[in-house]
Amino acid sequence: MAKKKRSTSVEDNASEVQSPAVPATQDPSSRSGSGSGSGSNKTAKTKAQPQQQPPPVPALIICRNKHWRYISSFHGPWLQLPPEILETLANLNYNTPRPRPIDPSVFFDLVKIRRLVDDATNLAVRAASGVATVSQHNMSGGHHHALGLFGPGGQTKLSRERKHRMREQATQKLSKAYHLDEIASSVATMQSASPLEEVASLVLQRNPQDADAKYVHFFHEKIPSRQLAQCTNLDALSEIISEKSTQGEPLRTRATVRTFKEDFEGAIADLTEALRIHRVYRLPQNAPKYHNHPQARPGGRRQEDVVLREEEQPNSLEIQLLFQRAGVYLTIACQHVQAAFPSKPTETKSASASGKAANGDIYEEGNKTNSEATPQAIPVLTTAEQEAERKMMEARKLVRHNAKRALKDYMNYLSHFEYSPDLPIEIAEDFARKVNYAANGVRVPRSFSHTSRSDSPVTGEPGESQPTHRIYALSDLFAASPPADLPPYPSMELTPVRTQQQQPTFAAFQTTTETLTYHPLMNDALHALLLCHCLIQTSAKELLRHAYMVARLARLADGYPIFQASRSPARADWTEVLRASGNLIQLAGTWEDLCAPAPLPLFQPSGPGGGGSVPIALPGPIRQNKTLLPLPTGGPAEAGAIVRSTSSNGSTGAAEAEKHRKERIQHQAIIDALGDDRIRDEASFRMAVKARQLRAENDYRLDNAVAAMDAKLIGRDFESLALDAPPPPKDTTTATNGSKPSPQPTNGSTLTSTALTHATSSLANAEQLKPKPN
């Protein structure tokens with residue numbers, strides 16, 4: 001009986017707890033029947049029960065720094081390499097002849113960030129475990145330490161005061177790391193132990209005014225996922241900025257948060273002030289001393305490689321600020337595009353004419369003189385139409401103004417990096433060999449001095465006379481008058497087929513290679529440069545030149561040996577512009593093919609030590625898919641069969657099963673949608689995946705139709721050539737020993753080249769006959 005009463009009381013308490021979940025609004029019938037008795041009340045409760053909504057699912061709680069953009073750009077082997085090897089690679093990179101493979105400022109910052117984060121992790125784990133030291137074996141992964149799955153093992157336990165001092169030291173190291181580069185530091189802390197996320201909050205419990213702890217806690221504070229703008233207050237950053245008025249890094253962080261909050265004008269003000277502070281207080285101290293650079297000895301050997309002290313190492317803050325401010329300017333320009341160029345045809349003819357007069361390079365339709373212009377009656381605009389036209393003109397001015405400012409900042413960003421069209425291949429081989437030695441723990445040997453160097457166009461670093469390779473700043477490649485001695489890209493040359501018996505000649509060997517200085521944000525900056533030119537309405541011819549230059553540089557930017565390839569939001573936007581405009585600038589190929597990674601130089605080690613190397617011939621940038629076809633001898637039918645077989649072998653979609661192809665498309669669509677920062681909920685994610693799948697299917701069908709049309713046209717050209725060509729003359733001469741006359745391969749190669757030239761010209765004529773887009 002007691003058990004029955006106890007269960008009844010438990011049920012009553014449960015009903016009282018669940019009663020607030022009943023909706024306040026009820027049906028009129030239930031309200032009217034509330035006084036009719038207990039039966040009516042039970043009926044009303046049973047009717048209202050299905051209308052109860054389930055409690056909201058709690059959002060994912062993550063650290064604030066995991067919302068930062070361009071995190072994927074800083075992934076790579078530098079997160080797993082030991083700090084000693086990473087420092088060795090940074091010194092090798094700095095002592096390599098220019099253009100250096102990696103920007104030295106970001107490379108040295110990564111080395112310092114790795115050491116600071118590792119030391120902070122060691123301190124935080126020791127403070128959390130309460131022991132004086134942690135063995136290196138136990139610190140290899142850090143995960144079981146973060147979970148507290150190890151014991152002190154006889155070690156000395158720490159007092160509360162010493163734990164606090166260790167956490168303070170860890171917080172100071174983390175603050176220094178975030179001051180160097182907040183994106184790279186966020187990536188590094190994600191790979192560390194979980195006690196690192198709570199170390200700043202524990203310090204603030206005892207010292208709420210600690211500036212370093214407040215700065216670190218701002219990055220490590222847990223907030224709901226994808227709600228940074230709603231769950232972030234700028235008061236903590238404003239206090240840090242007021243305390244440290246000579247540091248631009250907190251201003252950079254506040255500008256990032258203001259960008260998330262869509263306060264773009266405030267972000268521009270913060271970034272501009274941070275640049276001013278950096279140039280006033282930091283730039284003279286960080287100027288590198290170029291007299292310490294290695295010079296060649298008379299005997300041909302170099303001095304020891306230079307190892308810069310920490311205060312002499314270059315800093316990457318200015319590069320970060322320029323890139324971030326350029327992105328904000330570009331975002332502001334894109335916000336006014338809809339008002340500047342409305343999609344609905346609500347404008348009058350006079351409004352469009354005035355728009356062309358105000359922006360002379362927008363939608364040019366031809367230059368007509370006054371005598372050729374036909375007189376037209378000017379319509380009278382109403383007050384509302386005049387106001388709409390005025391707003392449209394103001395929006396166009398804002399678009400051009402902000403796009404030009406973004407273009408200027410992107411050009412200043414690119415001016416910090418270098419490009420060489422003809423770097424000697426021995427320099428690239430020497431750097432790759434040293435990286436291999438360092439990664440395997442082998443002592444890196446000294447190399448012989450490379451040939452003389454020229455002055456740096458970026459830093460003004462003095463060089464030597466008679467340089468063997470040319471060096472340009474990346475900004476010079478996008479100038480109004482670019483260098484004229486660059487190799488053509490894309491290359492349209494045809495490479496003859498070489499049989500196994502034929503040996504490559506000396507001229508076929510590759511002795512030089514193209515290279516540039518890599519930065520993890522370079523790929524996004526290059527494509528954003530093209531978007532700026534689109535917004536300021538650069539002519540199609542000039543935009544085509546810039547597009548080919550971006551493709552040339554993007555294929556060389558690989559991040560070896562510490563970065564891996566990453567996605568670029570600006571590249572996705574530029575690809576969408578090309579798709580929506582129907583390739584208005586007439587690119588020679590798809591953007592994916594133009595930006596395909598360049599082939600790496602290959603070497604054959606010569607000698608037991610592998611010190612020397614023999615370069616191996618490599619095809620040109622786009623010549624690997626354009627080999628000459630042998631001339632058919634069996635008539636027009638055989639010629640068409642060869643073309644059809646070649647086109648079918650080159651199509652990857654026809655060789656795979658339809659099911660695997662669709663699965664691959666769906667997988668790629670999901671990956672692309674996950675990397676899109678504009679997706680905020682599940683509904684938009686599903687729509688984005690579906691849109692990408694439909695677009696991929698349309699592209700697949702269009703590519704198949706174009707390939708079939710090209711094969712048909714080339715087959716017709718072969719048939720017409722075989723019918724029109726005169727028969728070859730018969731050779732009546734015989735050898736003295738009765739052997740058959742030897743064939744002449746020159747005639748065959750000449751006829752094949754003529755056939756493909758004729759086919760190419762026919763395709764070009766067919767392209768000219770296509771209707772041009774308006």
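Note that this is a predicted model, so its numbers are computed, not measured. The figures that follow rest on heavy atoms only: side chains count, while hydrogens, waters and symmetry mates do not.
Here Arg165 does not pair with Glu168 in a salt bridge; the nearest charged N to carboxylate O distance is not below 4.0 Å. Ion pairing between Arg115 and Glu310 fails under the 4.0 Å rule for side-chain N and carboxylate O. Of the charged side-chain nitrogens involved, none lies within less than 4.0 Å of a carboxylate oxygen, so that Glu249 and Arg252 do not count as a salt-bridged pair.
For the atom pair OG of Ser238 and CG of Asp270, the computed distance is 8.5 Å after rounding to the nearest 0.5 Å. With rounding to the nearest 0.5 Å, the separation of CD1 in Ile113 from NZ in Lys176 is 11.0 Å. For the atom pair CG (Leu116) and OG1 (Thr189), the distance works out to 12.5 Å, reported to the nearest 0.5 Å.
No side-chain heavy atom of Lys408 sits under 4.5 Å from any side-chain heavy atom of Tyr329. Counting heavy atoms from C-beta on, the side chains of Leu516 and Met522 come closer than 4.5 Å. Counting heavy atoms from C-beta on, the side chains of Glu318 and Leu275 come closer than 4.5 Å. Between Tyr560 and Ile102 there is no side-chain heavy-atom pair separated by less than 4.5 Å. Leu174 is not listed as a side-chain neighbour of Asp212, based on a closest heavy-atom distance of 4.5 Å or more. Looking only at side-chain heavy atoms (C-beta outward), Trp591 and Arg571 come within less than 4.5 Å of each other. Contact annotation: the side chain of His533 never approaches that of Phe478 to less than 4.5 Å [non-hydrogen atoms, C-beta and beyond]. The side-chain heavy atoms of Leu535 and Asn402, taken from C-beta on, include no pair separated by under 4.5 Å.
Residues Leu531 and Ala570 share a closest heavy-atom pair of CD1-O, 4.1 Å. Smallest separation of non-hydrogen atoms from Cys595 and Ala554: SG-CB, 4.2 Å. Nearest approach of Ala170 to Val199, heavy atoms of both residues: CB-CG2, 4.1 Å. In terms of heavy atoms, Ala177 sits closest to Val117 at CB-CG2, 4.4 Å. Here the closest heavy-atom approach between residue His67 and residue Phe260 is recorded as O-CZ, 3.3 Å.
Distance alone, capped at 3.5 Å, places no donor-acceptor pair between the Asn523 side chain and the Ser568 backbone. No donor-acceptor pair closer than 3.5 Å links the side chain of Ser175 to the backbone N or O of Gln172. The closest donor-acceptor contact from the side chain of Arg100 to the backbone of Thr517 lies at 3.5 Å or more, if one exists at all. Listed for the Glu542 side chain is no donor-acceptor partner under 3.5 Å among the backbone atoms of Ser539. A distance-only check finds a donor-acceptor pair linking the side chain of Lys261 to the backbone of Thr232 [under 3.5 Å]. Judged by distance alone, with hydrogens and angles left aside, the side-chain atoms of Glu182 form no donor-acceptor pair with the main-chain N or O of His179 at under 3.5 Å. With Arg325 contributing its side chain and Ile268 its backbone, the two residues share no donor-acceptor pair below 3.5 Å. At distances below 3.5 Å, at least one donor-acceptor pair connects side-chain atoms of Arg258 with backbone N or O atoms of Gly266. With Gln320 contributing its side chain and Leu180 its backbone, the two residues share a donor-acceptor pair below 3.5 Å. Formation of a donor-acceptor pair under 3.5 Å by the Arg692 side chain with backbone atoms of Gln668 is not found in this model.
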Set out, in order, the CA-CA distance, both residues' side-chain angles and the distance that settles salt bridge (Lys or Arg N to Asp or Glu O under 4.0 Å) for Glu273 and Arg254, then state yes or no. CA-CA 12 Å; Glu273 180 65 16; Arg254 191 171 70 175; over 6 Å; no
Step by step, would you call Glu394 with Lys397 a salt bridge (Lys or Arg N to Asp or Glu O under 4.0 Å)? CA-CA 5 Å; Glu394 290 179 357; Lys397 290 180 181 179; over 6 Å; no
Test side-chain hydrogen bond (donor to acceptor under 3.5 Å, both in side chains) on Gln324 and Thr259; report intermediate values, then the result. CA-CA 10 Å; Gln324 192 168 347; Thr259 303; 5.0 Å; no
So Glu197 and Lys222, salt bridge (Lys or Arg N to Asp or Glu O under 4.0 Å) or not? Walk me through it. CA-CA 9 Å; Glu197 299 177 355; Lys222 300 292 184 66; 3.5 Å; yes
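Annotation: ring-ring contact (aromatic ring centres under 6.0 Å, His included) contacts of His75 (sequence neighbours excluded): none. Tyr178 is linked by a ring-ring contact (aromatic ring centres under 6.0 Å, His included) to Phe219, His220, counting only residues two or more places apart in sequence or in another chain. Partners of Ala90 under the side-chain contact (heavy atoms from CB on, under 4.5 Å) rule, at least two apart in sequence or in another chain, are Phe107, Phe108, Val111.
Ring planes of Tyr518 and Phe563: tilted class, angle from 30 to 60°.
With ring centers used as reference points, Phe323 lies under 6.0 Å from Tyr70.
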